[in-house]
Amino acid sequence: QISIAWATVSRMDELFVGALCACLFRDRERMLRIRKRLPWIAFLGIGSFFFVYSSMLFFPGRATSFLYSHSAAPHTLDSAVLFFLECGGYIPLELGFGALVLLAAHRGAESTWMQKFLKSRVLAPIGRYSYGIYVFHVPIIGVAAMFVFKRISSGAHSYGEILMAGSAYIVTLAAVIFAISALSYEFFEKRVLRLKCHFEPRYSAPGNEAAPTEPMAARAAIASSSK
C-alpha cells in the first residue's frame, strides 16, 4: 500500500499543479488577473491541510471512525493518516504552495519584505542545494526511521521527553540532509553544471540555408538574417 502511494503514477496531482504553475507564469496577463488571489489561495490551501492533519493527530479516535465508518475492522491512526493523504489530502497543500511559489516568482523584481526574506543569506544556500535535498531526503529519512527513530521513541516516556527527543531528531536529520546535499553540490553537481556550455541550443537558419553546427555560428546567422 505504501509502495503504491509513493509511486509516481499515484502523485500525478503534484505534477499537474507544477505544470499548471508553469503555464500560468508564462502568461503575464493572466498572472496580473490572479495576482491578488494568490495569497488567499496559499493561506487557505496550507491552512486547511494543517488544520485537518493536526485534528487527526489530536483526535485519532474520531478520525478513524469518520474515515472508516462503514468498516467493522479496527484501523490505526497511521492507516487513517495515509488514507487521508493519498485520497486527496495533499491537494490543498500543493495548491497552497503552488500559489506561494507563483507569487514569489511574479514579484521577483519587487523590493518587498517577502523578496528580501527569500533572497536572504539563510535561504539562498537552501535554494542552491535544493536538488540534493530533494534527492537525498527520502533515503536518509528511511534509514533514520529504521535504525534511529525507534530507539529514540522507545526511550522517551513523558510528553516532555517525547517533545525534546522528537525536536532533536528533526533538527539533526535536517542538518544531516543539508550537509550531504551541500557536499553533493560542491563536489559533483558543480562539475556537471560546468558542462552546460557544451549543450547550448542550436538554432536553425531561416530559409533554405543549412542549420549551423555551432551555437556561435547560429547566433551570427540569425543576426545577419535580421538585418
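Just so it is clear, the values below take in all heavy atoms, side chains as well, and ignore hydrogens, waters and symmetry mates. Everything quoted here is computed from the prediction, not taken from an experiment.
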Minimum heavy-atom separation for [X] and [Y], please, with both atom names.
{"X": "Ala42", "Y": "Ala99", "answer": "N-CB, 3.9 Å"}
{"X": "Gly132", "Y": "Ser181", "answer": "C-OG, 3.1 Å"}
{"X": "Ile34", "Y": "Leu24", "answer": "CD1-CD1, 4.1 Å"}

Say whether [X] and [Y] are linked into one hydrophobic cluster, either directly or through other cluster members, by side-chain heavy-atom distances under 4.5 angstrom.
{"X": "Ile126", "Y": "Leu173", "answer": "yes"}
{"X": "Leu93", "Y": "Ile141", "answer": "yes"}
{"X": "Phe43", "Y": "Ile91", "answer": "no"}

Next on the checklist: Enumerate the side chain to side chain donor-acceptor pair (under 3.5 Å) contacts for residues 20-33, please, sequence neighbours excluded, ordered by first and then second residue.
Outcome noted: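 As it turns out, there is no side chain to side chain donor-acceptor pair (under 3.5 Å) pair with a partner in residues 20-33 once direct neighbours are skipped.
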With rounding to the nearest 0.5 angstrom, report the [atom1] to [atom2] distance, [X] to [Y].
{"X": "Leu38", "Y": "Cys21", "atom1": "CG", "atom2": "SG", "answer": "9.0 Å"}
{"X": "Ile133", "Y": "Phe178", "atom1": "CD1", "atom2": "CZ", "answer": "6.0 Å"}
{"X": "Leu100", "Y": "Leu95", "atom1": "CG", "atom2": "CG", "answer": "12.5 Å"}
{"X": "Trp40", "Y": "Leu44", "atom1": "CH2", "atom2": "CG", "answer": "7.0 Å"}

Item to check | Close side-chain approach of Arg128 to Pro125, heavy-atom, < 4.5 Å | outcome: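 Result yes, sub-4.5 Å side-chain heavy-atom pair found.
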Item to check | Student check: side-chain heavy atoms of Glu14 and Val17 closer than 4.5 Å | outcome: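 Counting from C-beta outward, Glu14 and Val17 never come under 4.5 Å.
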Run through the side-chain heavy atoms of Ile, Leu, Val, Met, Phe, Trp and Tyr, join any pair under 4.5 Å, and report what else lands in [X]'s cluster.
{"X": "Phe188", "answer": "Val192"}
{"X": "Val101", "answer": "none"}
{"X": "Leu32", "answer": "none"}

Next on the checklist: For Phe25, give me all partners under ring-ring contact (aromatic ring centres under 6.0 Å, His included), at least two apart in sequence or on another chain.
Outcome noted: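 Scan of Phe25 (ring-ring contact (aromatic ring centres under 6.0 Å, His included), adjacent residues dropped) gives none.
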Checklist entry - Excluding sequence neighbours, so at least two apart, what forms ring-ring contact (aromatic ring centres under 6.0 Å, His included) with Phe49? => result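 Listed in chain order: Tyr53.
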Taking only residues two or more places apart in sequence, or in another chain, which ones meet [X] in a side chain to side chain contact (heavy atoms under 4.5 Å, CB included)?
{"X": "Leu183", "result": "Phe187"}
{"X": "Ile180", "result": "Phe136, Ile140, Val176"}
{"X": "Glu189", "result": "Tyr131, Ser184, Tyr185"}
{"X": "Leu195", "result": "His198, Phe199"}

Next on the checklist: Would the distance check show the side chain of Thr172 and the main-chain N or O of Tyr169 forming a donor-acceptor pair, the cut-off being under 3.5 Å?
Outcome noted: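 A pair under 3.5 Å: no.
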Checklist entry - Taking the side chain from His106 and the backbone from Leu102, do they hold a donor-acceptor pair closer than 3.5 Å? => result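 Such a contact is absent between His106 side chain and Leu102 backbone.
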Next on the checklist: Checking Arg35 now: which residues fulfil salt bridge (charged side-chain N to carboxylate O under 4.0 Å, His left out) with it, not counting sequence neighbours?
Outcome noted: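 In terms of salt bridge (charged side-chain N to carboxylate O under 4.0 Å, His left out), with neighbours along the sequence ignored, Arg35 is linked to Glu110.
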Next on the checklist: Just to verify, what does Lys190 make a salt bridge (charged side-chain N to carboxylate O under 4.0 Å, His left out) with, not counting sequence neighbours?
Outcome noted: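 Once residues adjacent in sequence are excluded, the partners of Lys190 under the salt bridge (charged side-chain N to carboxylate O under 4.0 Å, His left out) criterion are Glu186.
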